[in-house]
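Remarks on the structure that follows.
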Amino acid sequence: MAIELRYRDGTIHLADGEDDRSSDLESLPGVEPDPRSGGYRAPAYRYADLRDAIEKGGLPYEERVFDARGGDSLDLATDYRLREYQTDALDAWEDAGRRGVIELPTGSGKTVIAIAAIAAVGRPTLVVVPTIDLLNQWERELEREFSVPIGRFGGGEQRREPITVSTYDSAYLRADDVGDAFEFVVFDEVHHLGGEGYRDIARLLPAPYRLGLTATFERPDGAHEVIADLVGDRVYRLDIDDLAGDHLAAYDIKRIEVELTPEERQEYETAQETFVDYLKSTNLQLRSGSDYQKLVLRSGNDPRAREALLAKQRARNVMMNADAKVDALERVLDRHRGDRIIVFTAHTELVYRLSRRFLLPAITSETGATERRQILERFRDGDYSRVVTANVLDEGVDVPDANVAVVLSGSGSEREFTQRLGRILRPKDDGGRALLYEVVSDETAEERVASRRR
DNA sequence: TTGACTCAACATCCTTTGCTACAA
DNA sequence: TTGTAGGTTTCCATGTTGAGTCA
């Protein structure tokens, strides 16, 4: 009798009938005995390895993992003509056994590659995206390209079709009960999959074909290694500089250094000293994010640690929201009267301050969906030529193109910086260059923060 | 259907140069 | 001699999102 493979609740179950093949089965990747059923089981994401090992070992097997409804091949056709690097990326993914991550900058056409991959695989596909905005964009794009109905998990709808788009949150909630429906899964902005909860999505799905898309694969916490295990290694990579001047606009980065006022300097030094003194007195070394995490943990029951962290927070506020930055922005706005400008900050309070002072439309997490849409539409139509925002427009939102970005403050995250830069790199009609201003408070920790993100 | 609300999850959060004990 | 980890176990604050609930 053949070994029967079935999917149930995020797990592959193996039954070998009356034959005793326990030693064969236990040597298969990820397989262990299942006391409850008396058979064997393996985590769903190991399905591809499992099937390969069974075939290699010449064991007879019967595949009942996927829902019969997805039995027929999808007849998918798309008119897209890929650019050379897009074809190379797709080939690299095919060569890796239709698994792996493609890293390409924002605006280089990652969606196009995914659509070509969906057409090539021709099997039921789940596309997972981080935001409702992207959910809508993907749905529209897929409807335009394919003649099959497009399903949707998220934003209040739960409709399953051979090609379905889902948010990460909905995919997390539904993975174990729809796992048998999809043989191909595409993770857009795949770096999100490194989150503690989200990685379960990939674990619970048996889909043998997997594609991850991102502009910034590596994560500071090292979780990209988990992603590589679940989706496949990075198989292709180009960064902004590989495409700038060709498929993306050429760009310049200008750094503006500003001085703190005497009062700000006094406040900054006092707070910074409190923080550093605590580190010295406790012999604590901060070399990485995890060291900082230790300090945060300690602050739970050590009042001095808590005080040190609050002081650090104060110092950060001073350097990131310095008065001179507002003046620097005024000069930039004067210099670029005819340009389209996006201003980025790290704090919402500064967004509203700038909005009042320069009469700029503002978008933060507090801005409702309707108002946000209106502002972006007016920016797209040219009614507005400037927008100020905190972190909302970093990722997952279709932002109209601009040619000047001003980063007044931000984190040390390379990802955040790359995403912000990406907002001005759509090729310009006149072939002009994009320009990013980075405003940094002189002689503060912000200089280090700024160098870390590049 | 919309809006206001709560909740949970995720991301970032990083000083200046060195102490001590222990393992390789 | 050289290299490396270091005690703990729900986590200071801010920003952002999606899901769910209720009116």
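Quick note: numbers below take in every heavy atom, side chains included, and nothing from hydrogens, waters or symmetry partners. Lettering follows sequence order; numbering is per chain, from 1.
The side chain of Lys280(A) places no N or O atom within less than 4.0 Å of a non-bridging phosphate oxygen (OP1 or OP2) of dC19(B). In this structure, Thr348(A) reaches the dG15(C) phosphate: one of its side-chain N or O atoms is under 4.0 Å from OP1 or OP2. For Arg316(A), a side-chain nitrogen or oxygen approaches OP1 or OP2 of dC14(B) to under 4.0 Å. Side-chain N/O atoms of Gln293(A) include none lying less than 4.0 angstrom from OP1 or OP2 on dC11(C).
Screening residues 197-224 of chain A for ring-ring contact (aromatic ring centres under 6.0 Å, His included) gives Tyr168(A)-Tyr198(A), Phe217(A)-His224(A) as the qualifying pairs, with residues at least two apart or on separate chains. The list of ring-ring contact (aromatic ring centres under 6.0 Å, His included) pairs with a residue in residues 328-378 of chain A, not counting sequence neighbours, reads His336(A)-Tyr437(A). The list of salt bridge (charged side-chain N to carboxylate O under 4.0 Å, His left out) pairs with a residue in residues 232-253 of chain A, not counting sequence neighbours, reads Glu103(A)-Arg234(A), Glu103(A)-Arg237(A), Glu218(A)-Arg234(A), Asp252(A)-Arg433(A). The list of ring-ring contact (aromatic ring centres under 6.0 Å, His included) pairs with a residue in residues 230-254 of chain A, not counting sequence neighbours, reads Tyr85(A)-His247(A).
Of all nucleotides listed (dC12(C), dT16(B), dC14(B)), dT16(B) comes nearest to the side chain of Val276(A). Of all nucleotides listed (dT14(C), dT16(C), dT15(B)), dT14(C) comes nearest to the side chain of His347(A). For Thr370(A), whose side chain is taken as the heavy atoms from C-beta onward, the closest listed nucleotide among dG3(B), dC12(C), dC11(C) is dG3(B). Closest to the Leu310(A) side chain, of the nucleotides dG15(C), dA13(C), dT15(B), is dA13(C). Picking from dG15(C), dC13(B), dG18(C) the nucleotide with the shortest atom distance to the side chain of Ala390(A) gives dG15(C).
Distance noted for atom P between dT10(C) and dT12(B): 22 Å (whole Å). For the P atoms, the distance linking dT8(C) with dC13(B) amounts to 28 Å, nearest Å. Straight-line distance between the P atoms of dA23(B) and dG7(C): roughly 12 Å, to the nearest whole Å. Spacing of P atoms, dG15(C) relative to dC14(B), comes out at 15 Å, to the nearest Å. A distance of about 16 Å separates the P atoms of dA8(B) and dC12(C), rounded to the whole Å. Spacing between dG20(C) and dT1(B) at atom C1', rounded to whole Å, works out to 16 Å.
No engagement by Glu307(A) is indicated, since no non-hydrogen atom pair under 4.0 Å with the nucleic acid exists. Arg219(A) comes within contact range of the sugar-phosphate backbone alone, with a heavy-atom separation under 4.0 Å but no base atom that close. Among the protein residues, Phe275(A) comes within range of the sugar-phosphate backbone only, with heavy atoms under 4.0 Å from sugar or phosphate atoms but none that close to a base. Within 4.0 Å of Tyr172(A), counting heavy atoms only, lies no atom of the nucleic acid at all. Residue contacts for Val296(A): at a heavy-atom cut-off of 4.0 Å it reaches a base atom on one of the strands shown. The residue Ala346(A) sits close only to the backbone: its heavy atoms come under 4.0 Å of sugar-phosphate atoms, none of a base.
Rounded to a whole Å, the CG atom of Asp277(A) is 12 Å from the C1' atom of dT15(B). At whole-Å resolution of the value, NE2 in His191(A) and P in dA11(B) are 8 Å apart. Taking atom CZ on Phe344(A) and atom C1' on dT12(B), their separation rounds to 17 Å, with Å as the unit. Remark: P of dT12(B) and NE2 of His192(A) are 10 Å apart, rounded to the nearest angstrom. We find that CG of Asn391(A) is positioned 12 Å from C1' of dT17(C), with the value rounded to whole Å. Look at CG on Leu297(A): it is 11 Å from C1' on dC12(C), rounded to the nearest Å.
Less than 4.0 Å separates DNA chain C from at least one heavy atom of each of the following residues of residues 358-369 of chain A: Thr364(A), Ser365(A). The stretch residues 411-421 of chain A comes close to DNA chain B through Ser411(A), Gly412(A), Ser413(A), each having a heavy atom under 4.0 Å from the strand.
Ion pairing between a basic and an acidic side chain is recognised when a charged N comes within 4.0 Å of a carboxylate O; Arg420(A) and Glu438(A) show no such pairing. Using a 4.0 Å cut-off between a side-chain N of Lys or Arg and a carboxylate O of Asp or Glu, Asp323(A) and Arg353(A) qualify as a salt bridge.
Listed here is the closest heavy atom pair of Arg144(A) and Glu141(A): NH2-OE1, 2.6 Å. The heavy-atom pair separating Arg152(A) from Thr164(A) by the smallest distance is N-CG2, 3.7 Å. The two residues Pro208(A) and Arg99(A) make their nearest non-hydrogen contact at O-NH1, 3.1 Å.
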Using a cut-off of under 3.5 Å, enumerate the N/O to N/O pairs linking the protein to nucleotides 4-7 of chain C.
residue : atom : partner   : partner atom : Å
dG6(C)  : O6   : Gln285(A) : NE2          : 3.4
dG7(C)  : O6   : Arg298(A) : NH2          : 3.1

Got a list of protein N/O to nucleotides 19-23 of chain C N/O distances below 3.5 Å?
residue : atom : partner   : partner atom : Å
dA19(C) : OP1  : Thr167(A) : OG1          : 2.7
dA19(C) : OP1  : Ser170(A) : OG           : 2.5
dA19(C) : OP2  : Gly155(A) : N            : 2.9

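Ring geometry for Phe66(A) against Tyr47(A) counts as perpendicular: the plane angle is over 60°, on a 0 to 90° scale with 30° as the lower cut.
With a 3.5 Å ceiling on both atom-pair distances, dT1(B) lacks any Watson-Crick or G-U wobble partner.
Among residues two or more places apart in sequence or in another chain, the salt bridge (Lys or Arg N to Asp or Glu O under 4.0 Å) test is passed with Arg265(A) by Glu269(A). Annotation: side chain to side chain contact (heavy atoms under 4.5 Å, CB included) contacts of Thr274(A) (sequence neighbours excluded): Glu307(A), Ala311(A). Listed by chain and number, the residues in a ring-ring contact (aromatic ring centres under 6.0 Å, His included) with Trp138(A) amount to none (sequence neighbours excluded). Among residues two or more places apart in sequence or in another chain, the ring-ring contact (aromatic ring centres under 6.0 Å, His included) test is passed with Phe417(A) by none.
Position along DNA chain C of the nearest nucleotide to Asn317(A) versus Asp133(A) favours Asn317(A) as the more 5'-ward residue. Between Gly197(A) and Gly410(A), it is Gly197(A) whose nearest contact on DNA chain B lies nearer the 5' terminus.
The structure places OG of Ser108(A) at 6.0 Å from CG of Leu243(A), a figure rounded to the nearest 0.5 Å.
Judged by distance alone, the side chains of Thr216(A) and Arg415(A) do bring a donor and an acceptor atom under 3.5 Å apart.
Between Lys325(A) and the options Glu446(A), Glu259(A), Glu330(A), a salt bridge (charged side-chain N to carboxylate O under 4.0 Å, His left out) holds for only Glu446(A).
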